[in-house]
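A short worksheet on the structure shown next.
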Amino acid sequence: MALPGTQAVDVHRRNNVRISGNPGGRAIVFAHGFGCSQEVWRAVVPFFEARFRVVQFDHVGAGGSDTSAYDPGKYDSLHGYADDLLEILEAENLDDVVYVGHSVSAMIGVLASNRDASRFGALVLVGPSARYVNEGDYVGGFDQADIDGLLDSLDANYLGWSADMAPVMMGNPERPELGDDLTASFCTVDPAIARQFARVTFLSDNRRDLAEVTLPTLVLQCTDDVIAPLPVGHYVHTHVAGSEFVLLATTGHCPNLSGPSELANAIQAYLA
Amino acid sequence: MTGSELPAGRLSDESYEELYEHAPCGFLSVSLDGVVVRANETFLTWTGYARSDVVGAAFTSLLTPGSRLFYETRFVPVLRLDGEAREVSMELSRYDGTTLHVLTNSSLVTHDGTGMVRIAVFDSTERRTYERDLVTARRQAEESEARVRVLQDAASAFAQSNSVMAVAQALVDVSRVAFAATEVAVLLLKNAVALEVVAGVHPLLAHMPADTLESGSEALRLDDVFALSSVEEGEEFSPVVGAAMRLARIGAITSTPIESESGLFGVLTCSFGRGREFDSAYYGLSRALARQASQVIGRLLLQEQLASEALHDQLTGLANRALLQERMDESIAGALREKVPLAVLFVDLDGFKAVNDHLGHVVGDSALREVAGRLRESVRATDVVGRFGGDEFVIVCPESGEDAAMAVAERIRSSIARPLERVHSRFPVTASIGVALWEPGDDAVDADLLFRIADEAMYRCKNAGKDCITLVRV
């Protein structure tokens, strides 16, 4: 086993954990969804830095994470990502955490806090879906064939390129003015990992996990979100006992980009 | 051209309009909300929509569902953060329901104070088909290469394994990588009925009744790979298994028999963190890996059996003289090192010759096997029981003073004195037991000396009327 203390460093590096804001404030953790990196929170974070200790990280395979830590067996289900989240909270010794999970990270937060709620104070689920694929009476918004279509789309967009070239293609090395390493690694994803992450994200079924949530929970839903349409958000809200539901005016699936101030206000109003 | 003469190289507004509408690529302007506000003729011609269908509609409504997923999760963040997205492949859903593969370049611009996305659309049908074939071919090549590599890795790992445990561990390691499994375990038959995890982790066991593996051979009625693709399938198969899958956070599991010509002797289980469908490639590879491992395990088991046979008595399964000698040497060394006493018991059956002579060798052999069983039950876990020859047995008792040695000897004496199963009460069988007790001191001893002293003590019992114990201090 690693020596005491070394584990924290490893988790830090593995998930490219970044901490900013008020060191004495309540901890708020932002987790990005499928397709991007912690950079999606760029416009949201400034709203919290005065009052909160802001923690951001990349899932393994995204952004500045350590892709050599990618273990296909571990990350073949959302539980692997939930393990990482619990380790981050442990390594940073965070308590009473406000966890803000976007898209698939909403369910990662649900799984992690169901396993061990001790370090969590509240969950904010942004555009959550407990299951993307329709089944019986359940409306998830997509069919299995659509998920296959996404995998095709991933292929068309970067798996056609050689694996060595792809991360460069997806980053923006042609813009050296964005010199610092955070920006240089912006939104990069490893294509092979993205393919598996897409499967894990869109083929998971977490409906049963919702009933086990005991934390104060805010469900945030965008208008006209094709990834997580209204019935999907409602489903999460009605199955998480005591949760609060807020419909944001901003449209699409990424309120952290399309309406950062509205999103921040909704979270702050909930926590107030 | 009168009245609207323009300097050379300049175009009239009409010409710009013409160029925009009929450019050799589609143009779209989309609001930040994702609503199409303008589209050119080329785009409408390619997609078959009327202008009124497109303008005012959500851009995502023009995409196939798969492309829509990509657009929202990948394209939008890149465009928003970077200001542009180049050479993005999308699939448009045409008016007639067919799909148009396009490449797009998009940029985020500010126009009259509001943000806007401009998208240029290029028909890439041919290129897409070609690329897709290329990707498919490459993936097939990679998959078959990966399969060969897995089997090669397995073969070399197995070849380096010199014990059943090592092969099992290698099979776990190889399978975990090959199938991206969350946990892998190898279970082998411990005796005819019970299974035992010899390598890896079987996550369901912690959530199932403790005796699950005791009747594990049930599981080995498998004649092919057995798969549960979801928790629901697990529940249908057995409520216990379904509940265990839920508690262990396992969504799918497969069991592959490990078998040889002589039958099944184990199982390879792969557990997955979420439900998944298993295809023929999966079945084929898990069968191939299990077959490779079974050949090596079968050979090693045979070797272990042969080695064991060389050291054990065939009739009773007890240690033979060679193994007794070895254990004695170890025990003497241990006693010297730890400065603790050592006892050796010499057991000779009284009345056994009459059993053999009157009831025959078949009954005699069965009596010896029964006696061997009773000896095993009478000793402590650290004691070694061996057959010295005929109806003579030796028990080596490390770390035993007089009290402990006498207690073991008495348990043996009273146990043997009970009637034997197939032996008539006219032929009573009892035990004369000689005990040699040695406490490490100045005098050197060896195995032969201790055997001889115990043997002599046994003869004193015979002379004293049998069915008794004599202890001699060395």
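Numbered from 1 within each chain, the chains take letters A, B, ... in sequence-line order. Because only heavy atoms are used, hydrogens play no part in the values below, and waters and symmetry mates are left out as well, while side chains stay in.
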Distance in Å, [X] [atom1] paired with [Y] [atom2], rounded so as to fall on 0.5 Å steps:
X	Y	atom1	atom2	answer
B:Ile250	A:His79	CD1	NE2	7.5 Å
B:His101	A:Asp152	NE2	CG	8.0 Å
B:Leu32	A:Leu257	CG	CG	11.0 Å
B:Tyr71	A:Leu150	OH	CG	15.5 Å
A:Cys254	B:Leu81	SG	CG	9.0 Å

Query raised in the report: Of all residues at least two apart in sequence or in a different chain, which pass the ring pair (Phe, Tyr, Trp, His ring centres under 6.0 Å) check with A:Phe202?
Result: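 Expected list: A:Phe34, A:Tyr132.
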Side chain / backbone / both / neither for [X] at chain B, heavy atoms under 4.5 Å:
X	answer
A:Arg115	side chain
A:Val104	neither
A:Asp71	side chain
A:Ser77	both
A:Ser103	neither

Requested in this report: Dump the intermediate steps for side chain to side chain contact (heavy atoms under 4.5 Å, CB included) on A:Ile147 and B:Leu69, then the final yes or no.
Outcome: CA-CA 8 Å; A:Ile147 309 304; B:Leu69 280 167; 3.9 Å; yes
Is it the side chain or the backbone of [X] that comes within 4.5 Å of chain A heavy atoms, both, or neither?
X	result
B:Arg176	side chain
B:Thr60	side chain
B:Arg128	side chain

Requested in this report: With the side chain counted from C-beta on, respond yes when B:Arg276 and A:Asp76 share a heavy-atom pair under 4.5 Å apart, and no when they do not.
Outcome: yes
Query raised in the report: Does the side chain of A:Ser258 reach to within under 4.5 Å of the side chain of B:Arg80, using non-hydrogen atoms?
Result: yes
Query raised in the report: Is the number of heavy atoms from other residues, nucleotides or ligands under 6.0 Å of B:Tyr130 OH greater than 12?
Result: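 Counting other residues, nucleotides and ligands, OH of B:Tyr130 stays at 12 neighbours or fewer.
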Query raised in the report: Quick check: are there more than 12 heavy atoms from other residues, nucleotides or ligands sitting under 6.0 Å from CZ of B:Arg246?
Result: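 For B:Arg246, atom CZ is crowded (more than 12 foreign heavy atoms under 6.0 Å).
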Query raised in the report: If you take all heavy atoms of A:Ser153 and B:Phe70, which pair is closest and at what distance?
Result: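 Answer, listing the atom of A:Ser153 first, then B:Phe70: OG-CB, 3.4 Å.
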Query - Nearest heavy-atom neighbours spanning A:Val40 and B:Pro77 - result: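 Nearest heavy atoms, A:Val40 then B:Pro77: CG1-CB, 4.2 Å.
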Query - Option that, when pairs with chain A are counted at under 4.5 Å, heavy atom only, ranks first among B:Cys270, B:Ser61, B:Ala180 - result: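 Most pairs with chain A among the choices: B:Ala180.
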Query raised in the report: Are A:Asp205 and B:Arg274 ion-paired here, with the side-chain N under 4.0 Å from a carboxylate O?
Result: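 A salt bridge is absent here (no side-chain N lies under 4.0 Å from a carboxylate O).
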Query - Residues B:Arg139 and A:Asp155 bridged, charged N to O under 4.0 Å - result: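 Yes, charged N to carboxylate O under 4.0 Å.
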Query raised in the report: Between B:Glu72 (side chain) and A:His253 (backbone), is there a donor-acceptor pair under 3.5 Å?
Result: yes
Query raised in the report: Do A:Asn157 side-chain atoms and B:Ser89 backbone N/O form a donor-acceptor pair below 3.5 Å?
Result: yes
Requested in this report: Report the residues that fulfil salt bridge (Lys or Arg N to Asp or Glu O under 4.0 Å) with B:Arg147, sequence neighbours left out, ordered by chain and then residue number.
Outcome: none
